[in-house]
2 protein chains.
Amino acid sequence: MKNPDNPSETVEKILHAATVLFSERGFPETSLRTITGLADVNLASVNYHFGSKKELIQAVFARFMNPFSQGIDRRLDEIAEREDGELDTEALLRIVFSSLLEMTDSLNEDPQRFMRLCALAYSQAQEHLRHFIVANYGETYRRFITLLRNSVGDGTDAEAFWRSYFSMGAAVFTLSAYEPILSILRADFGQDSTMDEVIALLIPAMVRILKAKP
Amino acid sequence: MKNPDNPSETVEKILHAATVLFSERGFPETSLRTITGLADVNLASVNYHFGSKKELIQAVFARFMNPFSQGIDRRLDEIAEREDGELDTEALLRIVFSSLLEMTDSLNEDPQRFMRLCALAYSQAQEHLRHFIVANYGETYRRFITLLRNSVGDGTDAEAFWRSYFSMGAAVFTLSAYEPILSILRADFGQDSTMDEVIALLIPAMVRILKAKP
DNA sequence: GTCTATAAACTGATAGAC
DNA sequence: GTCTATCAGTTTATAGAC
């Protein structure tokens, strides 16, 4: 992007439209024409402002990931400063989810959309995107995962490693498909759940996966 | 397909090549030219044998899903016939995983490939595919999910419902990304895990998610 | 059933006027 | 910074010869 610190109105319109369309259809299924059409800007403006479609995809992620990783780092810093800094498994998971919701709230975007983009980043042929994410946010990720490993207690490294992916899968899968799953719950049981309620069920479930057997 | 019961060699070559390429790149990223090139058949043969790219995608799924759902039904039938038919949560999960591995083994395909196709079916714009799966295999799914619900004990329906999706996410996410996750385990810990070992860790983790609190 | 050739419709990207 | 027009490359799908 030409000037990431002061995005023009056109840039913001493109980023929002791209977020909506990418999360609903996937990256290759969404053409630049569809994005510029929804954003009501000229087709050529994507290449002018972002350079290419790949760089637009990365910019969409950076818009979410920058405040998200900063939120996690800030919360970890605050706890590290305190003498009695508690860092049990549940507290660490709460840090992630509160950072996630704070970020989507301040961007005025749906958390499900961001989770869906994350799922797409790992299920579609977007090698450039995974490299971009690891290169820019890998440090915060490694800091967190080390703390998480220390919080889950004994057990072999390989066990703890796979359990962390089991719990990540539970979270990413459920939250990225939140709306369709919810519509099944409504149809089959006539019930409803807010995302806060789902996260309240999800956190203890993740703790139970992550913790070594009692 | 013209004659699903006796697929020609051309049809089988196309289905295998499509399985490999779709699972590695996703559906829209894989062109019919790439598929017919790898299968070493003529470009026009896909439209001749399957009608369209959409129907090819559905045929790829049917090849896996038919023996998979039949395997689950057969095992459930066998247990239902026995007087002492045990149907606890772990036994039900073992039925799914043994049906999965039996199916991929008899097709001589990689289970990870099939799990990756499943993840893609729900993360890409393939509405037609999700309809196809629900229409053709929904009955076995509902039979299984009812037994699973009965096995997990008390708790509200909404809780049990969300927990079943948490555990499904843990399984689909981990197994569909088995190779890339394994390469991280090798790089960071110098360790290795077979898929059988991962499933052996996964089943108790899923049971712990599914079961209401002790 | 298999092939070639081609239609018809997209795609991302860019040159150049304003 | 925005626009039109267009290029060059791709895609799925099909018509028609063999």
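Each chain gets a letter, A, B and so on, in the order its sequence line appears, and its residues count up from 1.
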Residue pair B:Thr34/B:Ala44 against DNA chain D: nearer the 5' end by closest nucleotide is B:Thr34

Residue set satisfying salt bridge (charged side-chain N to carboxylate O under 4.0 Å, His left out) with B:Glu159, at least two apart, ordered chain then number -> B:Arg163

Bounded by its outermost nucleotides with an atom under 4.0 Å from a heavy atom of chain B, the footprint on DNA chain C reads C:dG1 to C:dT4

Residue pairs passing the side-chain hydrogen bond (donor to acceptor under 3.5 Å, both in side chains) test with at least one member in residues 178-190 of chain B, sequence neighbours excluded, are B:Arg186-B:Asp192

B:Lys54 atom NZ is separated from D:dA13 atom C1', nearest whole Å, by 14 Å

From CD1 of B:Ile57 across to C1' of D:dA13 the rounded distance in Å is 15 Å

Here the distance between atom P of D:dT10 and atom CD of A:Glu29, to the nearest Å, is 20 Å

Atom CG of B:Leu43 and atom C1' of D:dA15 are separated, to the nearest Å, by 14 Å

The side-chain hydrogen bond (donor to acceptor under 3.5 Å, both in side chains) partners of A:Asn47 (sequence neighbours excluded) come to none

For A:Glu12, look at atom CD and say whether over 12 heavy atoms of other residues, nucleotides or ligands are found less than 6.0 Å away.
yes

Taken in chain and number order and not counting sequence neighbours, the residues that satisfy salt bridge (charged side-chain N to carboxylate O under 4.0 Å, His left out) with A:Asp77 are A:Arg143

From CZ of A:Arg33 across to P of D:dT4 the rounded distance in Å is 13 Å

Which is true for B:Ser31 with a 4.0 Å heavy-atom rule: it touches a base, it touches only sugar-phosphate, or it touches nothing? sugar-phosphate

Rounded to whole Å, CG of A:Asn42 lies from C1' of D:dT4 at a distance of 8 Å

Residues at least two apart in sequence or cross-chain that pass salt bridge (charged side-chain N to carboxylate O under 4.0 Å, His left out) with B:Arg74, listed by chain then number, are B:Glu78, B:Glu102

